[in-house]
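For reference, the structure is listed below as structure tokens.
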Amino acid sequence: MKLKIYNSKSRSKENFNPINKNEIKMYVCGPTVYDRAHIGNARPVIVFDLLYRLLRLIYNDKSITYVRNITDVDDKIITRSINENKPVNDITSETIRWFNEDNDYLNVLKPTHEPKATQYISQMISMIDKLVSKNNAYVLNDGEVLFSVNSFDNYGSLSRQNLKSMNVGNRVEIDKRKKNPLDFVLWKPADKNNIGWNSPWGYGRPGWHIECSAMCKELLGGSFDIHGGGIDLLFPHHENELAQSICANDTKLLANFWVHNGFVNIEGQKMSKSLGNYLTVEDLRKKDIYGAVIRFVLLSTHYRQPLDWTNRKVSEAQNILTKWLSLFDKKDVPIHGKPTKKILEALCDDLNSPLVLTEMHNLLKIEDFDGFINSMVFLGFTSNELNKKSNKKNKFDENNIHELINDLILARQTARDNKDYRKSDEIRNRLEKAGVSINDLGENTKWTLKPFFNPKKLLEEN
RNA sequence: GGCGUGUUGGCAGAGUGGUGAUGCAGCGGAUUGCAAAUCCGUUAACACGUGUUCGAUUCACGUACACGCCUCCA
């Protein structure tokens, strides 16, 4: 199966050909750990998890190296550290723990490496040193080191920015010390009381972009296959990363494929803290919106399109997944975790996940339960959280609840036998309000619990 | 101002130079005491204009509108 991926570099879908067939390498920009991950952070995590699963299937499991970094030194972290009077390390380690919990909740596979920026300071320093010695960077009096974009001919080629016509200085005041307003920080001096490291240019800390260059060099080498992240990173982050890596590594190529996912909106609006429409994975978890549902919603729009997160989509996903996940209990098929051919085809066409979901519907229509369940497993919709959750909720007196439901069903049946339909409908309403759905199948009545089953409502008289 | 993306039926959302997306909702039917669930069937769309073509929702150009990046950001 030929994998095609849209390459931001060429602005077109290309056949994916690994640099080395026996060793495929992917680097994805991970989170800055200063706060809970929001669904905008979750989108690339899910998208590149899917790509990772696909690569593992097409090539050999062990031949894929997937690196997703953690930015654990940054202005936002330091600001929080000062405001809350907490050590930087406390903030970052707690946030990393949250991030991991969220990813488990979303059933995301562990990357091969999850390097932290602070563990690669020496590599960053030697890279900056090399850039200075090659005149790709210059040092200011106060010890700030800047990359000189004029020193790299191809600067702007990835994001197709024309340096001269860019509206530099319109939104941010131009730093007069810079040779070119677009020159960016490699190393900046820091206050002795703040987090920092000693360097040839004095005590300080790295700029934002250099960490990725240092870590991908260290873990993947000078050139690798796929570099991913959110579309907002294309400029300036990836442009800068490319420039400094090419110059420091003396290579021509950093990444063969640049892959970017679109942004997340909430109910048609840009997600932002000031609008109060900022949704974290934790928020959703507290509202009993399960990981599989979040995964479903995030995959229901193609990764390059903007995704609109709406309550309507969430409840649609809940309804569909309630049915889909219940099949794990109903159908006993051998689990091998391989998707069907059509699903593989859809994925190989630039990760067409909406088409994948369509194919899932088709599999049910043609009653290919083996294909269906194993595709579910492959896509990461495995954990039967809906059932787990409803069991947990009723645990306090599960038997009593089941007994109560069975009593009510029996009472309803008796009423029906006596043709007392007013009474039987009353009982049915009560059950349905509580989240018990009734299925009359000939002589028998079966009941199932809906995702938001609330046992308390069973006890309420109408 | 520069760079880029998008506009598909009531909603969501793929895709295609000529024929079916799909899901939800709607409508009709089977089923039911009536429902729900399920099953069967079904309506309905390609922003606008010009061009290329035997044929354009699909290609090209233009217009309008929307959105993103150019500042930290996934």
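Just so we're on the same page: letters track the sequence lines, and every chain starts at 1.
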If I take atom CG in residue A/Leu363 and atom C1' in nucleotide B/rG23, what distance separates them, rounded to the nearest angstrom?
15 Å

Separation of B/rC40 C1' from A/Glu367 CD (nearest whole Å):
14 Å

Phosphate-side-chain proximity, A/Lys313 and B/rG13, N/O vs OP1/OP2 below 4.0 Å:
yes

Please determine, for the side chain of A/Asn261, which listed nucleotide (B/rA21, B/rA74, B/rC72) has the closest atom?
B/rA74

Expressed as a whole number of Å, how far does the C1' atom of B/rA14 sit from that of B/rC24?
15 Å

Determine the Euclidean distance between corresponding C1' atoms of B/rA45 and B/rA21; express it in Å to zero decimal places.
12 Å

Checking all strands, does A/Lys270 fall into the base, sugar-phosphate, or nothing category for heavy-atom contacts under 4.0 angstrom?
sugar-phosphate

Nucleotide nearest A/Arg416 (side chain, heavy atoms from C-beta), chosen from B/rC70, B/rU22, B/rG33:
B/rG33

Test for a donor-acceptor pair under 3.5 Å between the base of B/rG33 and the side chain of A/Asp420, counting only N and O atoms.
no

Quantified in whole Å, what is the C1' atom distance between nucleotide B/rA12 and nucleotide B/rU31?
30 Å

Starting at CZ of A/Phe99 and ending at P of B/rA74, how long is that distance when rounded to a whole Å?
10 Å

Between A/Asn319 (CG) and B/rA12 (P), how many Å, whole number?
18 Å

Should A/Lys9 and A/Glu14 count as an ion pair when the cut-off is N to O under 4.0 Å?
no

Determine the contact category for A/Val45: base if any of its heavy atoms lies under 4.0 Å from a base atom, sugar-phosphate if only primed atoms, P, OP1 or OP2 are that close, otherwise nothing.
nothing

On RNA chain B, more 5' by nearest nucleotide between A/Tyr34 and A/Asn265 is A/Asn265

Between B/rG4 and B/rU8, how far apart are the two P atoms, rounded to whole Å?
23 Å

Side-chain N,O (A/Thr32) to OP1/OP2 (B/rA74) below 4.0 Å:
yes

As a quick check of understanding, evaluate salt bridge (charged side-chain N to carboxylate O under 4.0 Å, His left out) for A/Lys287 and A/Asp283, giving each step before the final call.
CA-CA 6 Å; A/Lys287 288 202 290 189; A/Asp283 292 335; over 6 Å; no

Given B/rA14, B/rC24, B/rA74, the nucleotide with the shortest approach to the side chain of A/Leu355:
B/rA14

Is there a donor in the side chain of A/Tyr155 and an acceptor in the side chain of A/Asn150, or the other way round, less than 3.5 Å apart?
no

Say we look at B/rC61 and B/rU53: how far apart would their C1' atoms be, to the nearest angstrom?
16 Å

It should be established whether A/Asn439 places a side-chain nitrogen or oxygen under 4.0 Å from OP1 or OP2 of nucleotide B/rA37.
no

Can you tell me which stems involve RNA chain B, if a stem is defined as three or more consecutive Watson-Crick or G-U wobble pairs, both distances under 3.5 Å?
B:1-7 with B:64-70, B:10-12 with B:22-24, B:26-30 with B:38-42, B:47-51 with B:59-63

Six-ring centre of A/Tyr6, A/Lys13 cation under 6.0 angstrom, axis tolerance 45°
no

Do the non-hydrogen side-chain atoms of A/Ser245 and A/Lys217 ever get within less than 4.5 Å of each other?
no

Could you check how far CG of A/Leu234 sits from C1' of B/rG2, rounded to whole Å?
14 Å

For the ring pair A/Phe184 and A/His209, is the centre-to-centre distance below 6.0 Å?
yes

State which of B/rG23, B/rG68, B/rA21 makes the closest approach to the side chain of A/Thr358.
B/rA21

With a 4.0 Å cut-off, would you call A/Asp191 and A/Arg205 a salt bridge?
no

Donor/acceptor link under 3.5 angstrom from A/Asp440 side chain onto base of B/rA35:
yes

Phosphate oxygens OP1/OP2 of B/rG15: is one of them under 4.0 Å from a side-chain N or O of A/Asn352?
yes

The side chain of A/Arg428 lies closest to which of these nucleotides: B/rA74, B/rG68, B/rG33?
B/rG33

How far, in whole Å, is B/rG6 from B/rG13 if one measures between their P atoms?
14 Å

Between A/Lys341 and A/Glu345 (salt bridge meaning N to carboxylate O under 4.0 Å), is one present in this structure?
yes

Which residue, A/Asp440, A/Asp425, A/Asp420, A/Asp407, forms the salt bridge (charged side-chain N to carboxylate O under 4.0 Å, His left out) with A/Arg412?
A/Asp440

Under-4.0 Å side-chain N/O to phosphate OP1/OP2 contact, A/Lys365 with B/rG20
no

Please measure how far the P atom in B/rG49 lies from the corresponding atom in B/rG23, and state the result in whole Å.
32 Å

For A/Phe235, which contact category applies under a 4.0 Å heavy-atom criterion: base, sugar-phosphate, or nothing?
sugar-phosphate

Could you tell me if A/Lys179 sits above the aromatic ring of A/Tyr138, with its cationic atom closer than 6.0 Å to the ring centre and no more than 45 degrees from the axis?
yes

Any salt bridge between A/Asp350 and A/Arg304, counting N to O under 4.0 Å?
yes

Of A/His361 and A/Gly40, the one whose nearest nucleotide on RNA chain B sits closer to the 5' end is A/His361

In whole Å, what is the span from the CG atom of A/Leu233 to the C1' atom of B/rC70?
14 Å

Can you list, in residue-number order, the parts of residues 296-309 of chain A that come under 4.0 Å of RNA chain B, counting heavy atoms only?
A/Ser300, A/Thr301, A/His302, A/Gln305

Shortest side-chain distance from A/Asp232, nucleotide among B/rA74, B/rG4, B/rG68
B/rA74

Counting any heavy atom closer than 4.0 Å, what does A/Arg43 reach on the DNA or RNA strands: base, sugar-phosphate only, or nothing?
nothing

At 4.0 Å (heavy atoms only), tell me whether A/Met271 reaches a base, stays on the sugar-phosphate, or touches nothing.
base

How many whole angstroms separate atom CD of A/Glu359 from atom P of B/rG23?
11 Å

Listed nucleotide nearest any side-chain atom of A/Lys323, set B/rG33, B/rU38, B/rC69
B/rU38

Among B/rA14, B/rC24, B/rA74, which nucleotide sits nearest the side chain of A/Arg312?
B/rC24

Side chains of A/Met127 and A/Gln244: does their closest heavy-atom pair fall under 4.5 Å?
no

Find out whether the Lys NZ or Arg CZ of A/Arg68 is both under 6.0 angstrom from the six-membered ring centre of A/Tyr27 and within 45° of the ring's axis.
no

Write down the distance between CD1 (A/Ile231) and C1' (B/rC69), rounded to a whole number of angstrom.
8 Å

Using a heavy-atom cut-off of 4.0 Å across all strands, would you classify A/Ile39 as base, sugar-phosphate, or nothing?
nothing

Inter-nucleotide C1' distance (B/rG10, B/rU43), Å rounded:
12 Å

Face-to-face stacking of A/Tyr421 with B/rG33, centres under 5.5 angstrom, angle under 30°
yes

